[in-house]
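Letters A, B, ... are given to chains in the order of the sequence lines, protein chains preceding strands, and every chain is numbered from 1. Side chains included, hydrogens not; waters and symmetry mates left out as well; all remaining heavy atoms used.
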Amino acid sequence: MESILKGKVKEAIRILYNSELSDDLIQIQETRKDFKGDFTLVVFPLLRFSKNTPEKTGDTIGQYIVENFPAISGFNVIKGFLNLEISDKWWMDFFRSIASDNDPLRKCKVTRPETILVEYSSPNTNKPLHLGHIRNNLLGFSLYRILAACGHNVIKTNIVNDRGIHICKSMLAWLKYGQGETPEISGMKGDHLAGKYYVLFEKDYKAQTEELISGGMEETEARNSAPLMKEIREMLLKWEAGDSEVMALWKKMNSWVCKGFDETYRLLGVDFDKIYYESDTYKIGRDIVISALENKVLYRNPDNSIWADLSSEGLDQKLLLRSDGTAVYMTQDLGTAVLRQKEYGFDKCIYVVGNEQNYHFQVLKAVLRRMGYKWSDGLYHFSYGMVELPEGKMKSREGTVVDADDLIAEMKETARVVSLQLGKLSDYSDEEKEEIFRKIGLGALKYFILKVDPRKNMTFNPAESIDFNGNTGPFIQYTYARIKSVFRKAEQMGISYDSLIPSELKAGEKEIGLIKLLRRFTDTVSEAAAGYSPSLLANYCYDLAKEYNQFYHDFTILGDNDQDVRNLRLELSKVVSTTLCSGMWLLGIEMPERM
RNA sequence: GGUUCCGUAGCUCAGUUGGAUAGAGCAACAGCCUUCUAAGCUGUGGGUCGCGCGUUCGACUCGCGCCGGAAUCACCA
């Protein structure tokens, strides 16, 4: 519609003022709520053609468009703004076209689909997932759904950071204090078990360094010479050398942890098409670095370490292989990227990783480009902000983290309490109820996270918990359940309906308002895909639900005696419900039929 | 110190090529269930859009300079 209007404005200027207009001077936007009209043309930029006041100019153009474009039924000019009113018939025709289409996402497809890898989650196998990972997983998964809905070929991938000194920490502590404890024996989830020993290690290590410091040692030296640090270095060396005992322990504990992760992913409703392990890819990275060194893209220090000099790009020197030949974080990511390009030939690779690693990804891209990989242009760091607690950042070492499994369980529990209080599900079986509590609890959590602009840091207050009223997931789910309820009632009453609504039917303001909002859905999906922004969709769903609830409150649907009106309201309700369902589906949020 | 990001109501957040009187929710207060689900709807109060200068017919939005906060600049990941 906007583009048609633009054409009409262009035509008007040509005929009225005999001037050719460039597109960027035509600003058409949706009319603000407090004014009458549907689309607004900003006339200020056109004054140079009309050589007249904003009011006169708007008036003249408005007149022309109304006379020459039947879809526009009227106009008004306020200060420099020409508000064009679209005829009810046009809106009704539009509504009929979407009402007969069952899939609101059909029109979102891009003309040139791409192959896009989305990497998210990237956990370390030494501790369980926390709220930060939840934000990561939800963003990554939603991004996948949105891009896939637009017709792209999207591959969900995960890179498991399963090697390195931090992994050895939980292993060493388990060896020392574990007494053969397993998830089976303790009944503890594997990732939580490993996390317990990781914390134990950190605690003892801290005690040791503090003791050395109080004995008069420098802090850095104390950290390096603490007995536990020595032991852990030995263990890492053994791991790198492939020592069979260490490898067996590593495999055993990692399998516990990964099993625990799988459970959390399942609860959260996210999954992956391909999982990479750092323990595999770091070797590829090492080979790449060495061959790049031979091609003189990198340089070697006297101590044998290998570096990239990125100072010409405003970055620093970056270490890629240690003097002892072992790999660092960057080495692994280089290897993973090259492997992925080889396996999938992606156009884009989106890394869903926290903003603390902005520098890392800048360097990663620069190094790959320097190495001659042209596809490195397609790497994109989807950088999201931290989730903070009211008292500041979460720190797993200090135990001030919000555990993912706990939070998910708490949300479901809250949903149960709220739901039972309202007591609307008394005729459901326990199993059915549990399923609804799950959907609502998770819906609240997911919406809470996804409605916020990903780039921004956000605060989570565990004491206040997550709301179920107002701008929340359950509010939108409730709107959906309400509509479903109307249809159950309609069936009981033997009321049938169809999308054959007469286009000359006079719809009310609220109904037209809903149709206008519905029209924005496909654009919102496209914008969310282009801008990698699930929050746009979350906010859209809220607006739509809010508008529908007002409509629902003000008008009766089944009670209206005019069959055409009832039909329209039922169809409108149906399209709102499918649109809400699609929008929330793109966020990874399920909708309950009742609540 | 360098680089990047953020600063909007008491709190949590919207506000996307610059556009009209800056919007929601929570919290507070006042109303609305004999009627399709009240997890809803309606109303009241609450703002120097961190501060200043500039560009513009027009700035929360763009530029520059301050102030405040975060992240990062490791032979950690």
Show the distances under 3.5 angstrom between N or O atoms of the protein and N or O atoms of nucleotides 21-28 of chain B.
unit_1	atom_1	unit_2	atom_2	d
B/U21	OP1	A/K79	NZ	3.0
B/G23	OP1	A/R32	NH2	3.2
B/A24	O2'	A/Y542	OH	2.8
B/G25	OP1	A/K546	NZ	3.1
B/G25	O2'	A/N471	N	3.4

Within the sub-3.5 Å range, which N or O atoms of nucleotides 4-9 of chain B have a protein N or O partner, and how far apart are they?
unit_1	atom_1	unit_2	atom_2	d
B/G7	OP1	A/K456	NZ	3.3

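Taking every side-chain heavy atom of A/F44 into account, B/G19 is the closest of B/G19, B/U37, B/C36.
Closest-nucleotide positions on RNA chain B for A/M595 and A/T459 were compared, and the one nearer the 5' end corresponds to A/T459.
Residue A/S573 is classed as having no contact, given no heavy-atom separation below 4.0 Å to the nucleic acid. Residue contacts for A/V452: at a heavy-atom cut-off of 4.0 Å it reaches the sugar-phosphate backbone alone, with no base atom in range. Counting non-hydrogen atoms under 4.0 angstrom, A/F448 reaches nothing in the nucleic acid. Nucleic acid contact for A/L47: none, since no nucleic acid atom lies under 4.0 Å from a heavy atom of the residue. Counting non-hydrogen atoms under 4.0 angstrom, A/E527 reaches nothing in the nucleic acid. When heavy atoms are screened at a 4.0 angstrom cut-off, A/N304 is found touching no nucleic acid atom at all. Using a 4.0 Å heavy-atom criterion, one finds that A/T326 contacts no nucleic acid atom at all.
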I would like to know whether A/E413 and A/R416 meet salt bridge (charged side-chain N to carboxylate O under 4.0 Å, His left out); could you show each step before the answer?
-> CA-CA 5 Å; A/E413 194 47 39; A/R416 182 202 316 274; 3.0 Å; yes

Does the pair A/R569 and A/D560 meet the rule for a salt bridge (charged side-chain N to carboxylate O under 4.0 Å, His left out), with working shown?
-> CA-CA 9 Å; A/R569 291 183 183 162; A/D560 201 290; 3.3 Å; yes

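One atom, CH2 of A/W239, and another, C1' of B/A77, lie 13 Å apart when rounded to the nearest Å. Here B/C36 presents its P atom at 16 Å from CG of A/N561, a figure rounded to the nearest Å.
Under a cutoff of 6.0 Å and an axis angle of 45°, A/R163 and A/Y282 form a cation-pi pair. In this structure, A/K169 is not positioned above the aromatic face of A/F201 in the sense of NZ or CZ being under 6.0 Å from the six-membered ring centre and within 45° of the axis.
Between the A/S122 side chain and the A/I159 main chain, no donor and acceptor come within less than 3.5 Å of each other.
Ring geometry, A/W307 versus A/Y299: the interplanar angle falls under 30°, so the pair is classed parallel (tilted spans 30 to 60°).
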For RNA chain B, just give me the dot-bracket, please: Watson-Crick or G-U, both distances below 3.5 Å, ( ) intra-strand, [ ] crossing earlier pairs, | paired with another strand, . unpaired.
-> (((((((..((((.....[...)))).(((((.......))))).....(((((..]....))))))))))))....

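Both thresholds, 5.5 Å between centres and 30° between ring planes, are not jointly met by A/F475 relative to the base of B/A39, so the two rings are not stacked.
Distances shown here put every side-chain N or O of A/Q27 at or beyond 4.0 Å from the OP1 or OP2 atom of B/U17.
Annotated as anti: B/C60, whose glycosidic dihedral deviates from 0 by more than 90°.
A salt bridge between A/E356 and A/K393 is present, with a side-chain N of the basic residue lying under 4.0 Å from a carboxylate O of the acidic one.
Atom SG of A/C108 and atom CD of A/E527 lie 11.0 Å apart (nearest 0.5 Å).
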